[in-house]
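All remarks here apply to the structure that follows.
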Amino acid sequence: MPDAPKLPPTHDTHPKAARVQKENEIDHGLLSRKLGHLIKSIERPFGQTVLKVDRQHTRTVLETLAHDPELSFSMITDITAVDNLRREDFEPARRYTVIHIVYSLRHGKRLRLETDLPEHDPRIASTAGLFKGGPWGEREVYDMFGIEFTGHPDLRRVLMPDYYEHFPLRKDYPLTGLGERDNFVRAEEVE
Amino acid sequence: MGLEQLIPSLAGDGFFTTQVNKLIAWGRKNSIWPYPFGTACCAIEFMATASSRYDLARFGAEVVRFSPRQSDLIVVAGRVTLKMMPVLTQIYSQVAEPKWVISMGACASTGGVFNTYTQIQGVDQFIPVDVYVPGCPPRPESLIDGVLKIQQIIDGQAKRHEFTRPSEMIPMEAN
């Protein structure tokens, strides 16, 4: 009988998978002891640790995560957002979800924070002064989703031109735009 | 330049007669100075075309200029976005007359696979284009063929802006 074909490594058989798995193994008892009164819930989708937070507590939770020596999640990997408009269980009270991904260089652990924002008032506290890289990600989220970060030192568009009127990654904005790309002055040759 | 074969009288008596505009065109077509407006992978193919293996110098177009004021030919190589289109228009207007434009690759010519809010669906909507080079990205041989077509245009053997979109043409319906 011939040998079974050698398959490429997958997410759980890859040599680095054990390291990634170790990154995600976080003591939930420690988290709920330190932050229990501030967070809504701790979830474990795909083995990752996710903290669900109300937006008035997001900044406090991030400060605790960054400064507590037992946690010391001092590095912000990314700040991004999701528009929940097309979900089956959509409700306007949680139209957007802002996601902070933090990493602990001291302990080698990774953690995700999810904050739901309502449709009529997409506003959340900035991480300015806490993480040096935070305001850059926030500018991008503002540019694409129109989420306002209060306390941000310089909340301007970063990818789209300054005159742009819409927030293109919102689900109610068409993929091909509203004609901005066809609206330029034509340069003619002078002969 | 093989001038003796082209003009037999030059080999004999040492002089020949022609028209001034033909002489100028002959000089221009063999010394095109391209300006690479490279924004994506097509620019990598342009570099390959200009360097030794494909050797654009064989056609007199090896002096790549990064100032529009010193060049004759703009090669639009790559995606042009909302933010980049005014830059391209300004650079086009800075090139001294006479000038020629190659739209290199699918993205510059039609937008390619990027049918999105920020991607210009063909630079020929906003600047006149002489030659379109197909491909994603085009092979260096294709770009060389495009430069040879530009030489034919300079020579008067081919028409200019033959396929440029007219300004009153309505853009494709968004879907």
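Here is the naming used below: chain letters follow the sequence lines, and residue numbers restart at 1 for every chain.
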- Which of residues 143-168 of chain A have a heavy atom under 4.5 Å from any heavy atom of chain B?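 A/M144, A/V158, A/L159, A/M160, A/P161, A/Y163, A/Y164, A/P168 fall under the 4.5 Å cut-off.
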Check for me, please, whether [X] and [Y] land in the same ILVMFWY cluster - side-chain distances under 4.5 Å, paths through other members count.
| X | Y | value |
| --- | --- | --- |
| A/L178 | A/L169 | yes |
| A/I124 | A/V50 | no |
| B/V64 | B/L148 | yes |
| B/M104 | B/I44 | no |
| A/F73 | A/L38 | yes |

Within a reach of under 6.0 Å around [atom1] of [X], are more than 12 heavy atoms found that belong to other residues, nucleotides or ligands?
| X | atom1 | answer |
| --- | --- | --- |
| B/R53 | CZ | no |
| B/K22 | NZ | no |
| A/R87 | CZ | no |
| A/K171 | NZ | no |

- Note on the structure: Separation between OH (B/Y117) and CG (A/L175), nearest 0.5 Å, reads 8.0 Å
- Message: Nearest 0.5 Å, please: how far is CG in A/D182 from CG in B/L82?
- Response: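 It comes to 9.5 Å.
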- Checking heavy atoms, do the side chain of B/Q119, its backbone, both or neither come under 4.5 Å from chain A?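 Contact with chain A: backbone only.
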- Message: Between A/R181 (side chain only) and B/T116 (backbone N and O only), is there a donor and an acceptor less than 3.5 Å apart?
- Response: yes
- Query: Is there a side chain to side chain contact (heavy atoms under 4.5 Å, CB included) between A/F184 and B/V123 once you walk through the steps?
  - Reply: CA-CA 10 Å; A/F184 283 97; B/V123 294; over 6 Å; no
- Message: Quick check: closest heavy atoms across B/P128 and A/A187, and the distance to 0.1 Å?
- Response: CD-O, 3.2 Å
